[in-house]
Amino acid sequence: MTPTIRQIAEAIGARAEGAVDTVVTGAAEPADAGPDQIALAMSSTYAKALGAGSARAAMLWADADWKALGLEAAILVPRPRLAMAGLTGLLDPGQRYPEGIHPSAVIDPSAKLGPDVSVGPMACIGPGASIGAGSVVGPQCYIGAEAVLGRDARLHAGVRLMARVRIGDRFIAQAGAVVGSDGHSFVTPEQSTVEQARASLGTNVTAAPQSWVRIHSLGAVIVGDDVELGANACVDSGTIRPTEIANGCKIDNLCHVAHNVRIGRDCLFAACAAVAGSTDIGNNVILGGQVGVSDNITIGDNVVAGGGTKILSRVPAGRVVLGYPAMKMDTHIDTYKALRRLPRLAEQVARLQKAVFKSDENH
Amino acid sequence: MTPTIRQIAEAIGARAEGAVDTVVTGAAEPADAGPDQIALAMSSTYAKALGAGSARAAMLWADADWKALGLEAAILVPRPRLAMAGLTGLLDPGQRYPEGIHPSAVIDPSAKLGPDVSVGPMACIGPGASIGAGSVVGPQCYIGAEAVLGRDARLHAGVRLMARVRIGDRFIAQAGAVVGSDGHSFVTPEQSTVEQARASLGTNVTAAPQSWVRIHSLGAVIVGDDVELGANACVDSGTIRPTEIANGCKIDNLCHVAHNVRIGRDCLFAACAAVAGSTDIGNNVILGGQVGVSDNITIGDNVVAGGGTKILSRVPAGRVVLGYPAMKMDTHIDTYKALRRLPRLAEQVARLQKAVFKSDENH
Amino acid sequence: MTPTIRQIAEAIGARAEGAVDTVVTGAAEPADAGPDQIALAMSSTYAKALGAGSARAAMLWADADWKALGLEAAILVPRPRLAMAGLTGLLDPGQRYPEGIHPSAVIDPSAKLGPDVSVGPMACIGPGASIGAGSVVGPQCYIGAEAVLGRDARLHAGVRLMARVRIGDRFIAQAGAVVGSDGHSFVTPEQSTVEQARASLGTNVTAAPQSWVRIHSLGAVIVGDDVELGANACVDSGTIRPTEIANGCKIDNLCHVAHNVRIGRDCLFAACAAVAGSTDIGNNVILGGQVGVSDNITIGDNVVAGGGTKILSRVPAGRVVLGYPAMKMDTHIDTYKALRRLPRLAEQVARLQKAVFKSDENH
C-alpha cells in the first residue's frame, strides 16, 4: 500500500498540511527516513533527527511548525501513540500467507468453514470445528475437535486451539500460542506435603511421599471478541467450567493462564505474566512483565501490577502494586528506600545500645 | 461416555445412594448443571448453589444429606479432589485425534512402532525412533532420530521429542512441549565476566569482551514413567550424561529444565518454574509458579517452594521456602512483617538518637 | 564419528600422551565410561571416579599424572570447559534430519535457496524468502515472506521465522523458537490507568476503562552472525525500525525479547530472561535465569545480572546486580544480611525505647 499524506490523515482522523498528495512508501524513524517515507517525529526531541534523514513528510505533534523543520508536508496529531496505531495498521503488509485452502492442509469433512476463510499449508482442522468468515488459519496451525473460532481471526504459524475451545471474533494469536491445553491439576490419595505446608504456614511437613493422580480438564476455554495472544503463550482448559477471557484482552508472549481462571474485559498482560488456577481477575487490569498471581484469589478492576510483582493474596480494585510479595506501590518505594538504609540503621542501633546500656550486647 | 451414577461410583470407589441407575451426560458446577448432568458440590458452601441449577444427581461430601438437598441420587466421597480425578478421567472425551497412521505423516522406514500406535496428520518420526504400544502421536508432532517413547503415551499437537531422548510409559506432553533441545552451555576462551563476578562476589569485573564457544549436548534426556509435561515446556539435553526426570513428575506449562539437571520421583512444578544447569532435585519436591532454582545446587526431598521463590543456594530436605532469595517460610513471614514496619522503626531510631545524643546526627 | 585420541587432541589444540591411536566411540563421565569411551575427568575430584568405570583413556587437567590413574592414554587440557566445547563439537551426532529438500515441504517458487540447503518434512517457506548456502531448515519449520537467513544456519523442528526478519550466518534456533512475532504494543484513545500510575507513582488511578487499539509492527527483526536462540524463545518485531540482536548473542529457552529492543554483541541470556520494549542492552551483558528488564531503559556494557534480578531502571556499564529491584550485588548481600537480622533489630529498638523513654510507646 502506498497512500498519500492526505489518505493517511483521513484514515487516522488527523490534520494534514502542505503537499498532501505526496505518496509515501512506508514509515521510518527521522534519521533513517528516505525521501519517499513518512518520518515519525511526534516530539521536538525526535524532530531534531529529521535533518539526518531525507524525509519530505513527517507525522508531528499537534502544534508543530513543520515548515521550520524543512518539510514539504506534515500530519499533525494530538495523541502520538494513537496516531501510530492508525498509521501502522494502514501500512502493515502482514505475513502474506497464501489465500484459500492450501491443498496440503488436512481438514476433517465435518469441520465448518465460513466464507473467505484461508487455511495455510500443513494446517490441520479437526472434526466438528467451526471457523467464522474471513478468518486466516496460518501454516502448521492446529484446530481441535469441535473448537469454535469467530470471524476475521488471524492465527499465525503453529498456533494450537485444542478441542472444544470457543473463541470470539477478530482473535489474533501469534506463532506457537496454545489455547486449551489440559490444566495442571493433580491430587494425592492422602494429604500431600503442599497441603500440609499451606495448613501449617510451612512449619510442619511430614507427609509420606505419594504419587500424583490426574484431574482431567473437561471445561475447555471461552475467549471473547478482540482478544490477542502472544507467541508461545498458553491458556489451559478449565476443570468443569471453562477458563474465561473476556472481550478486548491483550496477552503477551509466553504468558500462562491456568485452569479455571476468569479474566475480565480489556486486561493487558505483558510478557511472561502468569496467573495460577481458579483466580479471578477484574476488568481493565494491567500486569507487567513476569508478574505472577497466586491461585484462588481475586484481583479487582483497574489494578496495575508493575513488572516482576508477585501477587500472593487478594488485591482490591484500583490499587497499584509492586514487589514480592506485592505491596501498594508507594509503600514499596518507602520500604525499598528504608531497606537501602538498613545497614546504616543497624549501626546506629548498635551505638545507641552501647551508649544506653554501656554495652553492645543484646539485653 | 454416558455412565450411570452407579457406574461412576464404582469407577471411583465411592458410595452411591438413591436413583443410582440415572444416566449422566456430563459434569457441571451446581448452578450450571442441567437435569442430565452430575453436579459437583463437595462442600456445603458449593451445595447452596444447587437450587440455582437443575441437577437431579450430585457428587457430595461424605456425610451429606442428599435428600434434604432435593436430589434424586448422590455419590458421597471422603476426599473430594481425589473423586474429581476419578470422575473427570471417566468423562473426558479427549482430543479425538484420528486413529491409525495418518497418510500425511512422514515416518522413517527404520522407525519401530508398537501395536495400536496412532500417528496424526503431518507428524514426523525420524530414523531408528521407537514408539511403544498404544501411544498416540498427535498432529504435527516431531520424534527425532533414535528417540525411545514408551507405551500408552499421549503427545498433543506439535510436541517435539529430539534425537536420542528416552521416555518411559504413559508419558503425556501438552501442545508445543520440547524434550531434548540443546543445553545452553557456552565458554569463553579466557575467564569471562560472569566467572569473575562469581569469584569476586560481584566486586571486580574487568574481563575483556570475548565471544562464546558452544559446548554441544551429547547426553540427551531420560524420562521415567507417568511423567507429564505442560504446553511449551522445555527440557534440555545433558552435556555428557542425560538430563534426568524420574517417575511420576508433573511439570507445568512453560517450565524450563536445563542440561544435566536431575529431578527425583513425583515432583510437581507449577507453571514457569525453571531449574538451571546441573542442579539436583530430590523426590517429591514442589515448586510453585515462576520459582527459579540456581545451577549446580541440591534441593532435598520433600522441599516445598512457594510461588515466585528464587532459590540461590542449597535447600535441605523437608524445608518449606519462600522469597528472593529463598528463606524458610516462617522466617520470610517474620521478615516481611518487620519490613513493612521498617519506615516506622527508622523514625523511632531517629528519635532515640536525638534523645540520647542530643542530636540526630550519625555518631 | 569415531576419532582417535590423537585426532581429538589435534582438533581441540591440546596435548595427547600414551596410546594416542586408540579409537573412541564417545565420551562419558568417569564412573559410566566403557572401555571404548573417553572419560572426562578434568579435576582430581572427578578422577577419583575413574576406578568405578572402565575407561582406558581420559581427558584430564593440564598436569595430571595419567599413568598413576591407570590409564593407557590421556588428553591434557589447560581450560577444561573450553576443551569440552571442542570435544563435544567433534562427537555430536546431531539430529540427523533428512538431507535435501523433502518432498512434503511447501516452498514458494519465489523463495531463493542457496546451494546445499536442506529443508525438512512439512517445512514451509514463503514468497521471496532467501536462505544461505548450507543451511538446514528442520522439519515443520516456517520461514515467512521475504525473510532472509544467512549461511550454515540450523533451524530445529518447528522454528518460526516470520515475514521480513533478517538473520546472519551460522544462526542456531532450538525447537519452537519464534523470531518476528508482532510486538505487544497497544494504546488507549485517552490516557490509560497504566499511564496514570506511572505519572503519579501509583497514587492516583482514576482513568475510565477503555479498549486497547493495536499498534502494528512494521520493523521486523535484524539478527547478526553466530546467534543462538533457545527452545520456545520469542523475539518480537520492532514498530518502525527493527528489533536488533548483534553478533554472537546466545539466548536461552523461553526468553522474550520485546519490540524495538537493541542487544549488543556477545550477550548471554539464561532461560526465561525477558527484556521489555525499546530497551537498549550493551555488549557482553549477562542476564541470569528469569531476569527481567523494564522497558525504555539502558543497560551498559559488561553488566552481569544474577538469576531472578528485576531491573527497573538504568544500569551503568560493568555493574554486577542482583535482587528485586536490582541493586549492586555487594549492596544486595549486605541488605539481605541486615534483613535477616531485622526482627532482632526491632526488638533491640523496643528495649532502647523502654530504657530511654521509660516506655515502649511510639514517641
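Side chains are part of it too, since the values below use all heavy atoms of this structure and drop only hydrogens, waters and symmetry mates. Just so it is clear, the model here is predicted, and its values are computed rather than measured.
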Find out whether [X] and [Y] are in side-chain contact, i.e. whether some heavy atom of one side chain is under 4.5 Å from a heavy atom of the other.
X: B:Thr331; Y: C:Arg340; result: yes
X: C:Arg81; Y: B:Val213; result: no
X: C:Leu87; Y: B:Ile215; result: no
X: C:His332; Y: B:Pro325; result: yes

Q.
Regarding B:Glu190 and C:Arg79, does a basic nitrogen lie under 4.0 Å from an acidic carboxylate oxygen?
A.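 Result for this pair is no, no salt bridge flagged.
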
Taking the side chain from [X] and the backbone from [Y], do they hold a donor-acceptor pair closer than 3.5 Å?
X: B:Gln140; Y: C:Gln140; answer: no
X: C:Gln290; Y: B:Val291; answer: yes
X: B:Tyr324; Y: C:Gly323; answer: yes
X: C:Gln174; Y: B:Asp182; answer: yes
X: B:His184; Y: C:Lys250; answer: yes
X: B:Arg351; Y: C:Gln353; answer: no

Q | Crowding at CZ, C:Arg154 (>12 non-hydrogen neighbours, <6.0 Å) | A | no

Report which part of [X] has an atom under 4.5 Å of a heavy atom belonging to chain C: side chain, backbone, both, or neither.
X: B:Ala276; value: neither
X: B:Ser104; value: backbone
X: B:Ala258; value: neither

Q) Quick one: CG on C:Asp226 to OG on B:Ser211, what's the gap to the nearest 0.5 Å? A)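 Here the interatomic distance stands at 7.5 Å.
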
Does any heavy atom of chain B fall under 4.5 Å from the side chain of [X], the backbone, both, or neither of them?
X: C:Asp252; result: both
X: C:Ile286; result: side chain
X: C:Leu339; result: both
X: C:Ile251; result: backbone

Q: Determine whether the side chains of B:Gln210 and C:Asp266 contain a donor N or O and an acceptor N or O closer than 3.5 Å.
A: no

Q: Run the numbers on C:His156 and B:Arg160 for side chain to side chain contact (heavy atoms under 4.5 Å, CB included), then give the verdict.
A: CA-CA 10 Å; C:His156 288 291; B:Arg160 326 277 175 197; over 6 Å; no

Q: Looking only at non-hydrogen atoms, find the nearest pair between B:Leu312 and C:Gly307 and report the distance.
A: CD2-O, 4.1 Å

Q.
If you apply the rule side chain to side chain contact (heavy atoms under 4.5 Å, CB included), what do you find for B:Phe186 with C:Glu228, and how did you get there?
A. CA-CA 11 Å; B:Phe186 297 92; C:Glu228 181 158 349; 3.5 Å; yes

**Q.** Verdict with supporting geometry, B:Val356 and C:Leu352, side chain to side chain contact (heavy atoms under 4.5 Å, CB included)
**A.** CA-CA 10 Å; B:Val356 173; C:Leu352 280 165; over 6 Å; no

Q.
For the interface with chain B, which of C:Gly86, C:Ala271, C:Gly248 has the highest count of heavy-atom pairs at distances below 4.5 Å?
A. C:Ala271

